[in-house]
Amino acid sequence: MELFTVNRYTEDLKSPQDKEQKTSNEDEILQKLLQKAAKRKRKHEKSEAAKQEAAPVEQPQVEETKVEEKEVEKEEPKETAPAEEEATNSQDFQILGGDDSAKRKKVTEVLPPWLAYPTIIEGGNLLPDEIEELEAGKDEASIENLSYLKDHTRQALKQMKIKRLFPVQRTVIPWILEAQGKPAPLRPRDICVSAPTGSGKTLAFAIPIVQLLNNRVRCKVRALVVLPVAELALQVFKVIRALCSKTELEVCLLSKQHRLEDEQEKLVEVYKGQMYSKADIVVTTPGRLVDHLHATKGFCLKSLKFLVIDEADRIMDAFFQNWLYHLDNHVRETANQLLAGTQPPLCLKELYATFGKVPHKLLFSATMSQDPEKLQNLRLFQPKLFTTVFALPVARSAAEQTDADGESMPNTGHFAGKYTTPAELTEQFCVTELRIKPLTLFALVEKYQWKRFLCFTNSTDTANRLAFVMQQLFAAGPTKVAELSGKLSALVRTKTLTDFARGRINGLICSDALARGIDVADVDVVLSYETPRHIKTYIHRVGRTARAGRKGTAVTLLTEPEQAQFKKMLNEVGKALGEEITVSADTEVRHADIYKKAMEQLRKRQDDEKTLKIVQKRRVAQRSVLHKTQAEAAANPSRPLTLMQKLQLKAGGVDQLEVKLKQQENKLLAPAAKGKGKSKPKSKETKKQRLAKQRKAIEE
Ligand SMILES: Nc1ncnc2c1ncn2[C@@H]1O[C@H](COP(=O)(O)OP(=O)(O)OP(=O)(O)O)[C@@H](O)[C@H]1O
């Protein structure tokens, strides 16, 4: 008996004809195999003969032989039968570790047509000839001559001291107004706007939104503006609020600078058991939006008509609590509730108005992302790109338009408008040594008498340390310097910015968290203390000056090794390094004493911080040990304590230990507290009152 039975598939030959056909097929295959074997044999013989010839010769000639071999191989297919050709063609696939001569297709980056063929925003900011036209009263960009602007917008703009619109505004505003004016089944295309920093993108979306929402009857959240950081949200909120000043529209700001409960009060009101929206336009950060979607009863976005994403590439780069997912869920849920009839009022008209409605998405940035994956997350509807600078696809010859196989290649386009800086910006650099970098910065500010400057570092820690050193260096003079980094609370940051805007502070040492979007008027110069890691960061940093058609300067401090790398980074996006500026060579000697002192103080401060961290860590550890010992002793009074535990309890228990460690901590914090104590208000305000006062001052 067989243990295993192997079942093979044996094709039943149905007819003698089939039988004949099968035998002829077999013969054919056999013939092919024999031909192949003969070919292989021939080849082997030839290569053996060649090897023998080449044996006494040195290395370079071996390579020649290889070339010959290849030539022989290339010639051979001419002699082979068609069946053999098939077999040789199979070598088109690249064999790993094998012959490298296999054919490879060239991979080219292809932009989707909407990115490759954008709408160009013509004209720069206020050009000299335009100013002459403005004086002559013939200016086409004057708000008086633009027919699509409503009276309430003109009045508000006049109050904001805006007389004419910038190119990006003149292109985008009429386009949105027209796209929204089309009848119901036609849906407007979503747009991406890529324009330089300070070119006026905020008004480009704010004006059409305010004009289109102004004829609403009932207050509902119809526009949502999302920004990456609280400071930016506050800035955009102020612009939209000013624009709405002549309308009935309500604008609400949501950001971590306020208490959630306060914001909830501003968002929703309850009347006779029904929830009503108190805001038409909501300006928010992604994190705060998610908080409200989950925690605020009655916060409903089902009537959303506009979704604006400012600094879009930043928002797409970061996860931001997956805000898009939560927003999507919220809109879908409310729509479903409405369809299921669980959310009153359910009437046909409302159903019709809600069903299938998607907000018009408007994306803005100075460094727009081209990454299709990131853009796909936003599910843009037939997107359209507006950009200021663009090199149109280069015209190619007929030969260039086809690849090696003779197939036509798509036009790839060249997105040159991706990283642009304002025309009014002057870029410079200063070469220094790492050892004396802070001193060079100090000397530059002294030499050029900059009264309003921003200085960027690559991390919050560097910003913190540099601000400390600069404060020491400038201590004797009138120049006031402060830190502005992500390490500080949002409230302190906003207060510092307000002080800077009002001229109480001359220079801010910032981390990159605030490099984007912040609009402070009349910044003389933007300094990069450390070279930015990415060109995008550089574009946003330098964009804090030369805004709204004004002139500005950007200076980068470079060490010798950094110079080539930075130059390469700029060249890659078609920018040049700019002019070199220097500080006098005896700077180091003149300020040696004061610099030495500042560095010593910094070292002392760092030591203190380290000790404080250790004390705090020990405090937490000892507290937990004591708690454990006390709990054990209470739970099991009969169990004898170890000597260590007895000592710990004898030392005075948790409370006394707390007091002891607190004393140590206070001692270390004492010098800092002393300095702060001077500026503290004398009145007995509570912390809550003080914060409320600060908030009020900031919003004003
Ligand atoms: N039409 C205008 N006339 C005069 N000033 C304007 C006009 N439009 C905007 N501004 C001013 O220009 C400055 C920059 O505007 P805005 O912040 O909108 O620029 P942005 O393009 O968003 O810059 P960023 O990319 O850095 O965020 C603001 O101070 C604003 O008040």
Side-chain angles (χ1 to χ4, degrees), residues 121 123-127 130-131 134 139-146 149 153-154 156-173 192-209 225-229 231-243 283 308-315 362-369 386-389 417-425 452 454 456 497 501 510 512 514-523 526 536-552 554:
I121 299 165
N125 284 345
L126 282 170
L127 298 169
E130 282 178 324
I131 293 169
L134 189 66
D139 184 28
E140 275 181 14
S142 159
I143 56 170
E144 300 297 343
N145 298 336
L146 296 170
L149 293 182
T153 310
R154 267 194 209 108
L157 288 175
K158 274 182 202 162
Q159 260 185 10
M160 293 160 82
K161 301 197 170 53
I162 288 176
K163 291 180 186 150
R164 64 196 311 270
L165 293 190
F166 285 166
V168 65
Q169 296 158 353
R170 296 202 301 266
T171 314
V172 174
I173 298 169
C192 295
V193 180
S194 175
T197 48
S199 58
K201 294 187 283 293
T202 313
L203 281 178
F205 64 77
I207 292 177
I209 290 179
V225 185
V226 186
L227 295 114
V229 287
E231 287 78 2
L232 271 180
L234 176 65
Q235 194 176 291
V236 170
F237 164 74
K238 282 180 182 172
V239 173
I240 302 182
R241 192 179 56 181
L243 211 56
V283 183
V308 182
I309 307 178
D310 203 358
E311 305 297 344
D313 59 318
R314 168 88 182 95
I315 291 199
L362 315 171
L363 274 63
F364 289 79
S365 180
T367 48
M368 189 56 80
S369 174
F386 290 88
T387 181
T388 40
V389 186
K418 201 172 146 195
Y419 300 128
T420 53
T421 39
E424 296 78 10
L425 180 76
R452 294 173 65 68
L454 296 178
F456 286 96
L497 262 175
C510 324
D512 280 322
L514 292 147
R516 270 177 186 265
I518 295 298
D519 182 52
V520 192
D522 305 326
V523 172
V526 170
K536 241 190 204 185
T537 317
Y538 177 74
I539 301 287
H540 285 285
R541 274 184 187 180
V542 300
R544 298 314 100 211
T545 184
R547 294 173 74 75
R550 291 180 201 102
K551 287 203 177 340

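Bear in mind the structure is a predicted one, so any value in this text is a computation, not a measurement. Remember, it's 1-based here, ligands and their atoms both numbered in the order they're listed.
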shortest atom 23 (O) of ligand 1-to-protein heavy-atom contact is with G198 N, 2.8 Å
Numbered in order shown, the ligand 1 atoms found under 4.0 Å of a heavy atom of L165 are 1 (N)
protein heavy-atom neighbour closest to atom 15 (O) of ligand 1 works out as G200 CA, 3.7 Å
- request: Check if E311 has a non-hydrogen atom at a distance under 4.0 Å from any atom of ligand 1.
  value: yes
The single option from L227, I539, D313 that satisfies side-chain contact (heavy atoms from CB on, under 4.5 Å) with R516 is D313
Ranked by distance from atom 5 (N) of ligand 1, the top protein heavy atom is F166 CZ, 3.7 Å
Rounding to 0.5 Å, atoms OG (S194) and CZ (F386) come to a distance of 12.0 Å
Any heavy atom of I162 under 4.0 Å from ligand 1? The part involved is side chain
On a heavy-atom basis, the closest approach of T388 and P196 is OG1-CD, 3.4 Å
*Ignoring angles and geometry beyond distance, decide whether Q169 reaches within less than 3.5 Å of ligand 1 through its nitrogen or oxygen atoms.*
yes
Tested for side chain to side chain donor-acceptor pair (under 3.5 Å) against T367, the lone hit among H540, K536, R314 is H540
| query | Can you find a non-hydrogen atom of R544 under 4.0 Å from ligand 1? | reply | yes
Honestly, for T202 the part within reach of ligand 1 (heavy atoms, under 4.0 Å) is both
Among R547, K201, R550, the residue with a heavy atom nearest to atom 17 (O) of ligand 1 is R547
In ligand 1, the atoms that come under 4.0 Å of a heavy atom of L203 are 8 (N)
Test side chain to side chain donor-acceptor pair (under 3.5 Å), reference R547, set D522, T197, D519, output is D519
*Under a heavy-atom criterion of less than 4.0 Å, does S199 contact ligand 1?*
yes
closest protein heavy atom to atom 28 (C) of ligand 1 is D519 OD2, 3.1 Å
Between K158 and E144, is a salt bridge (charged side-chain N to carboxylate O under 4.0 Å, His left out) present by the stated rule, with each step listed? CA-CA 10 Å; K158 274 182 202 162; E144 300 297 343; 3.0 Å; yes
With heavy atoms and a 4.0 Å threshold, my read on which part of R164 contacts ligand 1 is backbone
If you scan protein heavy atoms around atom 11 (C) of ligand 1, the nearest is A548 CB, 3.9 Å
So for P196 against ligand 1, with non-hydrogen atoms under 4.0 Å, the contacting part is backbone
Between the CZ atom in R452 and the CG atom in L454, the distance rounded to the nearest 0.5 Å is 8.5 Å
- Task: Determine whether L243 and L157 make a side-chain contact, defined as any pair of heavy atoms from C-beta on separated by less than 4.5 Å.
- Result: yes
Are any non-hydrogen side-chain atoms of F205 and D310 less than 4.5 angstrom apart? yes
For I518 and R544 the tightest heavy-atom approach is O-NH1, 2.8 Å
